[in-house]
2 protein chains.
Amino acid sequence: MRAADGKAMTKDAQAQPVRGLDEQICFAVYSAAHAFNRAYRPFLAELGLTYPQYLVMLVLWEQDGQSVKAIGERLMLDSGTLTPLLKRLEGNGLILRKRGREDERQVLVELTEAGRVLHEKAGRSANPVPCAVEDSGVPPARLLEEVRALREALLRRAAAED
Amino acid sequence: MRAADGKAMTKDAQAQPVRGLDEQICFAVYSAAHAFNRAYRPFLAELGLTYPQYLVMLVLWEQDGQSVKAIGERLMLDSGTLTPLLKRLEGNGLILRKRGREDERQVLVELTEAGRVLHEKAGRSANPVPCAVEDSGVPPARLLEEVRALREALLRRAAAED
DNA sequence: AACAATTAGATTGTGCACAATTTAATTTCC
DNA sequence: GGAAATTAAATTGTGCACAATCTAATTGTT
């Protein structure tokens with residue numbers, strides 16, 4: 001866990017009249033996540049991946065041979081989500097799953113040749129999403145930082161809840 | 001549909017080297033959506049709702065008696081998602097589903113007394129999420145507008161893809 | 001009236017997402 | 001060295017999410 005900066009939380013949760021849908025940041029983020037999914041679909045269909053599978057591939061393209069645990073920490077997903085997803089990627093010939101020799105509890109995930117080739121293909125395919133981000137007119141660097149700050153604050157609250 | 005301002009899209013999708021996970025706004029939004037879910041969980045557990053069910057209740061609390069179609073347009077969800085979700089809400093006694101008398105293809109969704117009472121209860125329960133948003137230090141009004149602008153740009157791209 | 005086209009929901013099948021539990025391997029502590 | 005605690009994955013069960021398909025009702029056209 002990062003960000004144990006000791007700064008006290010500003011206040012406690014309190015009862016409040018329920019806000020309408022359109023004033024809620026949570027719905028904006030929720031629906032934006034769906035919109036990303038839709039915008040990515042044609043690009044990912046060319047690669048034969050779903051969006052969560054693409055995220056796993058991004059993690060492996062950054063560093064091959066990671067454990068399920070390490071992938072899960074990177075993506076904030078648990079084994080109940082990753083195990084079947086990784087089995088599908090293995091079934092499609094993009095990765096191999098093998099028990100660690102040193103610690104046999106671990107499962108190490110390695111790219112196959114096809115998995116590495118897909119990295120090149122992804123780089124050559126037209127990705128519509130960065131353009132859409134640009135179209136939105138929102139400065140990407142600032143938005144990235146704001147959404148990350150929001151996520152971290154939410155995770156701190158969730159962890160503090162009990 | 002809003003925002004048909006006639007402004008041409010700035011450029012077409014192009015091939016680009018694949019960016020790392022941490023530079024991608026899509027992953028920031030995706031993981032922030034999960035973080036909202038986690039932060040909401042204890043609040044929603046008190047109400048006996050999941051997050052998507054809470055969204056449906058928000059829509060009905062704003063206006064009772066809407067059709068499945070209208071709810072779906074508001075939340076950007078289709079009948080394959082809503083039908084079983086609404087049946088669960090009906091099973092829990094929060095709503096009633098009845099065929100429209102005027103147009104029998106429609107199913108109208110109405111709050112029960114328990115569903116209305118839950119609105120009051122939601123208003124009295126401590127909601128940790130606004131506090132977390134405040135903790136993040138990001139100006140909420142600006143963030144809301146930026147995320148919405150992003151979503152609309154993504155949906156335009158997705159619609160234009162083919 | 002009659003028939004095509006459209007529309008509203010429901011259904012089916014695939015794939016996340018996560019809580020809770022289980023199994024097996026490893027580490028810790030004595 | 002051996003029992004207890006911890007850890008890594010897998011499994012099970014519930015609930016979204018959406019594409020594709022199906023059924024039934026309505027609307028439009030002739």
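Atom set for the values below is all heavy atoms of this structure, side chains included, hydrogens, waters and symmetry mates excluded. Per chain, numbering begins at 1; letters A, B, ... match sequence-line order.
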Nearest-angstrom distance from the residue atom CZ of A:R38 to P of D:dC18
5 Å
For A:E102, report the nucleic acid contact type (base, sugar-phosphate, nothing); a contact means any heavy atom under 4.0 Å.
sugar-phosphate
Interatomic distance, A:L58 atom CG to B:F27 atom CZ [nearest 0.5 angstrom]:
9.5 Å
In whole angstrom, what separates B:H34's NE2 from D:dG15's P?
18 Å
Check whether any side-chain nitrogen or oxygen of B:R88 sits under 4.0 Å from OP1 or OP2 of D:dC16, and answer yes or no.
yes
Which one, C:dC18, D:dA25, D:dA9, comes nearest to the side chain of A:T81?
C:dC18
Quick one: label A:L82 by what it contacts on the DNA or RNA (base, sugar-phosphate, nothing), any heavy atom closer than 4.0 Å.
nothing
A:R41 has an atom CZ; how far is it from atom C1' of C:dG15, in whole Å?
10 Å
Taking CG from B:L86 and P from D:dC16, how many angstroms apart are they, rounded to a whole number?
10 Å
5′-ward residue of the pair B:R105/A:A70 relative to DNA chain D
A:A70
Base, sugar-phosphate or nothing for B:S79? Non-hydrogen atoms, less than 4.0 Å.
base
Within the structure, does a side-chain N or O atom of B:Y30 lie under 4.0 Å from either OP1 or OP2 of C:dA17?
yes
Mind calculating the distance between CG (B:L49) and P (D:dG15) to the nearest angstrom?
12 Å
Give a yes or no answer on whether the side chain of A:S125 reaches the backbone of A:A122 with a donor-acceptor pair at less than 3.5 Å.
no
It should be established whether B:Q53 places a side-chain nitrogen or oxygen under 4.0 Å from OP1 or OP2 of nucleotide D:dC16.
yes
Which of D:dA9, C:dC18, D:dC18 is nearest the side chain of A:D78? It is C:dC18
To the nearest Å, give me how far apart CD (B:Q106) and C1' (C:dT6) are.
14 Å
Ignoring backbone atoms, establish whether B:T50 has a side-chain N or O less than 4.0 Å from OP1 or OP2 of D:dT14.
no
What is the separation between atom CG on A:L85 and atom P on C:dT14, rounded to the nearest whole Å?
16 Å
Is any side-chain nitrogen or oxygen of A:R97 closer than 4.0 Å to OP1 or OP2 of D:dA10?
yes
With under 30° as parallel and over 60° as perpendicular, where do the rings of B:Y40 and B:Y54 fit, or are they tilted in between?
tilted
Give the rounded distance in Å between these two atoms: NZ of A:K87 and C1' of D:dA10.
7 Å
Whichever of B:T83 and A:R101 has its nearest DNA chain C nucleotide further upstream toward 5'
B:T83
Remember a base hit wins even if backbone is also touched, and classify B:D103 as base, sugar-phosphate or nothing at under 4.0 Å, heavy atoms.
sugar-phosphate
Does B:Y54 make a side-chain N or O approach to OP1 or OP2 of D:dG15 shorter than 4.0 Å?
no
Close side-chain approach of A:R116 and A:D64, heavy atoms under 4.5 Å:
yes
